[in-house]
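For ligands, and for the atoms within them, numbers begin at 1 and follow the listed sequence. Side chains are part of it too, since the values below use all heavy atoms of this structure and drop only hydrogens, waters and symmetry mates.
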Amino acid sequence: MCGIVGILGARPVAGTLLETLKRLEYRGYDSAGVATLENGQITRRRAAGKLKNLEACLAAEPLFGHLGIGHTRWATHGRPTAINAHPHQNGKVAVVHNGIIENFKTLRDELRAKGHTFASDTDTEVVAHLVDAAMSDGLAPAEAVAATLPRLKGAFALAFLFEGEDDLMIGAREGAPLVVGFGAGDKTGEFYLGSDALALAPLTDALAYLEEGDYVVLTRHGAKFYDTESRPVARKRVKTPASAFLIDRGNYRHFMDKEIHEQPEVIGRVLAHYLDLSAGTVALPFELPVDPARLPRLTIAACGTAYMAGLIASYWFERIAKLPVEIEVASEFRYREAPMQKGGLMLLISQSGETADTLASLRYAKQQGQKILSVVNVATSTMARESDVAALTLAGPEIGVASTKAFTCQLALLACLALAFGRARGTIDAKEEARLVAELMAVPGLMAEVLHREPKIELLARDLGKARDVLYLGRGTSYPLALEGALKLKEISYIHAEGYAAGELKHGPIALVDSDLPVIVLAPRDRVFEKTLSNVQEVAARNGRIILISDSAGANDLGGEAEIIAMPDMAPEFSAIVYALPVQMIAYHTAVFMGKDADQPRNLAKSVTVE
Ligand code: F6R
């Protein structure tokens, strides 16, 4: 999604704006721009494509203002051209925007009827026109922003500059995140705006988050926050733990590669946080917002990979805690008007904690009298702040657009939650808890072992890179993992892939099977293992190309008929966490072999703050 940055400084800011935008690249974007204010005049530089194009523009025609805003744009309205890139300007106002102005057509028609002409196809440009028009009517800049915000429907984070005002920057938020940074030391008196703490990490760790509907007026004398009714409000200053070094790629070729390899370590961290490793029990460091023993059902909503994590967890909650689970993609759930019994529990899963549909589901569930438990990676995110309890996935910043370590950390934490629910509901006794905890504790070591399969997977990827379509099959928790495998391959290699429940094969997809179609089968030795192998035989009988991800049992049974990615033998319950690794490595190496940008796949955004 779009990234926003603003600097109100004491020296030229264009270079720092550009550096800060580089830290927002992970969010996904297709054009970029900056504007600074010099001698009272706004000057912009914008470019389609990657930041190096904007860097070249700035090298050819530098900007020298001490006050500026910058933007990476993920196109929603209008193609990713330089004209549509932000900042947008009308008259005295320049603006950058993350989100969608849903009523922009109505507003644009209204403005056109008054004689306004528009330079771009974007929804954002109406904001510059509205604020400028309000200033032409005699309002001061902050009043003009305050008068404009209630007219905008949708989700937005905005940052403004104003011609003739070299000590003023304004930010506003409704449905998309925005944070204010406070300069310290030799930067005392500097103020920043950013889409997230990571972007501002090299500049400051002192931050204040805008609440929904807030706007903030920044001058070199301070930051003044106002709520939706334009009443002055105090917003707490916090220290953020995100530090500059955390987003270093190290020796890895891509962040995705680094994040795949970090998993044994980060999963260990999650388990150490949510289990008592010496006692061999689950030990949640927070109190659950409901009594699991009295809970009639659990509702889960999430998007994309986080939804797959929820699907896998639904098997665990049902089997371990005997708790009925309803799970839905958040974009559907939010509009279903599902009646919810008061006092129930809603579980939201999100890496960013900002995904618009998941956040809307959270708010809907709240209105329905549900307690909210969120599983999020970003501790300062909107979802974390709006939940009764936010359980953190502790994956550290995930920069690759395709989720890897955040997914497995979600799984590890959800497994701990399922155990805690099982214990509270009396569906597992102490012995069973100890057995399952021991299974979980084995996961980081098993993951480390699986990373050694990389050379084999790299070779396999050379083959997969030539395929037109790929099928993933699995049963039990391997079924959602098959969906995740297909999603991962699609999003970074652009090869068409489908995930299927292996038992569904003969109800349709088997028609696709021929010697050109790679069929990747996830078959840990669990209670449906034999059934999965029967489905594999059905593929083999039709000359399908089988790639079997399985342990020694699978290799013994199908050694002759399939290419095997040999997994270590393991207890079955939490195999999905370990089997996620080959699935991710297959996607990664296929994309790299095909020359694709694994970290920033086309069209995708890291934090999806629009519907
Ligand atoms: C896929 C991927 C996405 C996200 C989805 C939800 O690799 O990363 O499908 O999982 O956009 O994002 P969060 O978890 O931030 O809510």
Side-chain angles (χ1 to χ4, degrees), residues 1 3 26-28 74 98 155 175-177 195-196 198 254-257 259-260 263 300-313 327-334 347-363 374-384 386-387 390-411 413-414 472 480-481 483-494 497 499 580-581 583-588 590-591 596-611:
M1 284 289 110
Y26 77 95
R27 297 167 72 93
W74 185 78
N98 169 18
S195 294
D196 60 30
L198 262 179
H254 294 97
F255 280 108
M256 183 174 175
D257 192 17
E259 287 156 6
I260 287 173
Q263 289 177 98
I300 307 179
C303 296
T305 290
Y307 168 70
M308 311 305 183
L311 268 181
I312 291 171
I327 169 156
E328 181 66 284
V329 285
S331 52
E332 287 302 314
F333 180 81
R334 64 178 293 186
L347 172 65
L348 290 315
I349 307 167
S350 174
Q351 188 283 128
S352 61
E354 303 291 351
T355 300
D357 288 321
T358 314
L359 186 57
S361 300
L362 181 159
R363 290 174 179 163
S374 62
V375 164
V376 290
N377 197 35
V378 180
T380 48
S381 60
T382 311
M383 265 181 239
E386 294 193 11
S387 299
L392 300 180
T393 40
L394 307 174
E398 187 178 69
I399 307 301
V401 162
S403 189
T404 53
K405 63 174 181 169
F407 172 63
T408 49
C409 285
Q410 285 161 354
L411 290 178
L413 167 51
L414 289 163
Y472 284 76
L481 195 58
L483 297 176
E484 169 63 4
L487 173 66
K488 208 97 303 176
L489 189 70
K490 272 188 275 220
E491 67 181 331
I492 60 171
S493 74
Y494 319 143
L581 275 186
V583 156
Q584 295 166 352
M585 289 193 283
I586 287 173
Y588 173 73
T590 306
K596 309 293 185 218
D597 184 345
D599 277 344
Q600 290 172 36
R602 70 181 180 206
N603 305 340
L604 292 185
K606 184 72 184 159
S607 176
V608 185
T609 49
V610 294
E611 277 189 57

*Go through ligand 1 atom by atom and flag the ones less than 4.0 Å from a non-hydrogen atom of Q351.*
13 (P), 14 (O), 15 (O), 16 (O)
*Distance filter under 4.0 Å to A306 heavy atoms, resulting ligand 1 atoms*: 10 (O), 14 (O)
*Should S387 and L362 count as side-chain neighbours, where that means a heavy-atom distance under 4.5 Å?*
yes
*Under a 4.5 Å cut-off applied to non-hydrogen side-chain atoms, are I327 and L311 in contact?*
yes
*Distance only, no hydrogens: is a donor on one side chain within 3.5 Å (strictly under) of an acceptor on the other, for Q263 and T408?*
yes
*Heavy atom of E354 under 4.0 Å from ligand 1?*
no
*With a 3.5 Å cut-off and no angle check, do the side chains of T305 and E484 form a donor-acceptor pair?*
yes
*Any nitrogen or oxygen of S350, main chain or side chain, under 3.5 Å from a nitrogen or oxygen of ligand 1?*
yes
_Sub-4.0 Å atoms of ligand 1 with respect to non-hydrogen atoms of S352_ = 13 (P), 15 (O), 16 (O)
*asked:* Counting C-beta onward and ignoring hydrogens, is there a side-chain heavy-atom pair between Y472 and L489 closer than 4.5 Å?
replied: yes
*Given Q584, E491, K490, which has its nearest heavy atom closest to atom 7 (O) of ligand 1?*
E491
*4.5 Å side-chain heavy-atom contact, L348 and V375*: no
_Polar contact flag for K488 and ligand 1 (N/O pairs, less than 3.5 Å)_ = yes
*What atoms of ligand 1 come within less than 4.0 Å of a heavy atom belonging to V401?*
8 (O)
